[in-house]
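None of the values given here were measured: they were computed from a predicted structure. In what follows, chains carry the letters A, B, and so on, assigned in the order in which the sequence lines appear, proteins first and then strands, with residues in each chain numbered from 1.
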Protein chains: 2
Amino acid sequence: MAQECPRVSALLSRIGDKWTVLVVMLLREGPRRFSELKREIGGISQRMLTSTLRGLERDGLVTRTVYPTTPQRVDYALTRLGHSLREPVEALGDWALAHLDTIDRARREFDGRTEAHAATPARGVARVVRLQSRSPASHK
Amino acid sequence: MAQECPRVSALLSRIGDKWTVLVVMLLREGPRRFSELKREIGGISQRMLTSTLRGLERDGLVTRTVYPTTPQRVDYALTRLGHSLREPVEALGDWALAHLDTIDRARREFDGRTEAHAATPARGVARVVRLQSRSPASHK
DNA sequence: CGGTATCCACTTGGATACTG
DNA sequence: CAGTATCCAAGTGGATACCG
């Protein structure tokens with residue numbers, strides 16, 4: 001239980017970069033060529049698409065298939081392992097979708113509270129009073 | 001379907017940083033003080049723990065409670081939203097745990113293949129021949 | 001077409017020192 | 001104790017140019 005957290009963390013760092021999830025999501029429908037991915041993703045540079053795909057290939061999540069025609073053609077496709085990653089990733093996506101509005105609201109509230117630093121020192125103080133009035137010491 | 005991907009990506013960037021998941025996992029058992037978190041996490045700097053907790057607080061995932069005793073005391077706890085995040089995150093953790101060995105093996109194979117760049121030009125070429133022998137053109 | 005190589009701006013995160 | 005402030009090293013990612 002304790003030693004699994006670093007691994008979760010490592011995995012999230014791995015797929016939490018700027019493009020990996022986008023690529024996986026695009027590949028879930030089927031194989032794509034390099035240029036197709038680049039066009040469909042839109043804002044990605046050639047360099048980042050290459051390194052993203054290399055990372056996925058290295059981890060065994062996608063396969064890279066070269067057709068030595070002229071002009072050259074390279075297909076990328078999800079492996080079975082890659083497809084299996086979709087489920088937990090999409091679960092996280094559903095969570096994001098379900099709570100995005102709540103999070104946005106929380107951010108605006110937080111930013112409003114903290115931007116009003118000089119005018120209203122509301123941050124912490126008021127809440128503390130409320131919270132302290134109900135058993136502040138009996139914690140651990 | 002298409003517009004949800006950037007949001008998944010944004011969420012993963014948000015929680016895919018170096019410490020956020022570790023903090024959430026530690027808080028799942030109950031509230032923790034700043035110094036408790038710092039000690040239990042181990043390698044984190046004061047600066048990063050602060051900014052990680054601020055980010056979580058801003059998104060409404062943790063609450064920050066100040067007890068103006070001397071010395072000062074601050075408790076952090078998961079909100080209900082924070083707890084709800086645990087489920088998809090732990091699903092991803094389970095996936096990581098289940099396939100970590102496979103991924104490590106894939107990495108070693110890949111690295112072995114690519115490090116042998118001068119000796120054996122196996123990367124791509126051999127696979128292409130195999131794959132090309134079965135319907136290379138009929139893709140899209 | 002599908003990359004690699006190089007350069008560079010921006011961000012992340014650690015170390016250290018100081019504060020209420 | 002729980003931060004904030006500052007500085008700095010390493011990493012991330014975009015733009016551009018070139019290659020097979």
For the pair made of CZ in A:Arg32 and P in C:dC1, what is the distance, rounded to whole Å?
17 Å
Out of D:dA2, C:dG2, D:dT4, minimum distance to the side chain of B:Thr50 belongs to D:dT4
Any side-chain N or O of A:Arg54 less than 4.0 Å from the OP1 or OP2 oxygen of C:dT4?
yes
Taking only the side-chain nitrogens and oxygens of A:Ser35, find out if one of them lies under 4.0 Å from OP1 or OP2 of C:dG2.
yes
Within the structure, does a side-chain N or O atom of A:Arg33 lie under 4.0 Å from either OP1 or OP2 of C:dC1?
no
OP1 or OP2 of C:dG3 under 4.0 Å from side-chain N/O of A:Tyr76
yes
Without decimals, in angstroms, what is the distance between A:Leu49 CG and C:dC1 C1'?
13 Å
So do B:Thr79 and B:Val62 actually touch side chain to side chain, heavy atoms under 4.5 Å?
no
Can a side-chain donor-acceptor contact be found between B:His83 and B:Arg86 if the only test is distance below 3.5 angstrom?
yes
When you check every protein heavy atom under 4.0 Å of nucleotides 13-20 of chain C, what one-letter string (B, S, -) results, 5' to 3'?
BBB----B
Integer-rounded Å distance: D:dG13 P and A:Ile41 CD1:
13 Å
Nearest 0.5 Å please: distance from the CZ atom of B:Arg14 over to the OG1 atom of B:Thr20.
5.0 Å
Expressed as a whole number of angstroms, how long is the span from A:Arg73:CZ to C:dG2:P?
8 Å
Expressed as a whole number of angstroms, how long is the span from B:Lys38:NZ to D:dT4:C1'?
15 Å
For B:Glu40, I'd like to know if atom CD has over 12 heavy atoms of other residues, nucleotides or ligands within 6.0 Å.
yes
Taking the six-membered ring of B:Tyr67 as reference, does the cationic atom of B:Arg73 (NZ for Lys, CZ for Arg) lie under 6.0 Å from its centre and within 45° of its axis?
yes
Identify the two heavy atoms, one from A:Asp59 and one from A:Leu81, that lie closest to each other, and give their separation to 0.1 Å.
O-CD2, 3.9 Å
Under 4.0 Å between a Lys/Arg side-chain N and an Asp/Glu carboxylate O for A:Asp75 and A:Arg32?
no
Atom-pair distance (CG on B:Asp75; P on D:dG3), nearest Å
11 Å
Proximal nucleotide (of D:dA2, C:dG2, C:dT4) relative to the A:Arg64 side chain
C:dG2
On DNA chain C, nearest-nucleotide positions of A:Ser51 versus A:Pro71: which is more 5'?
A:Pro71
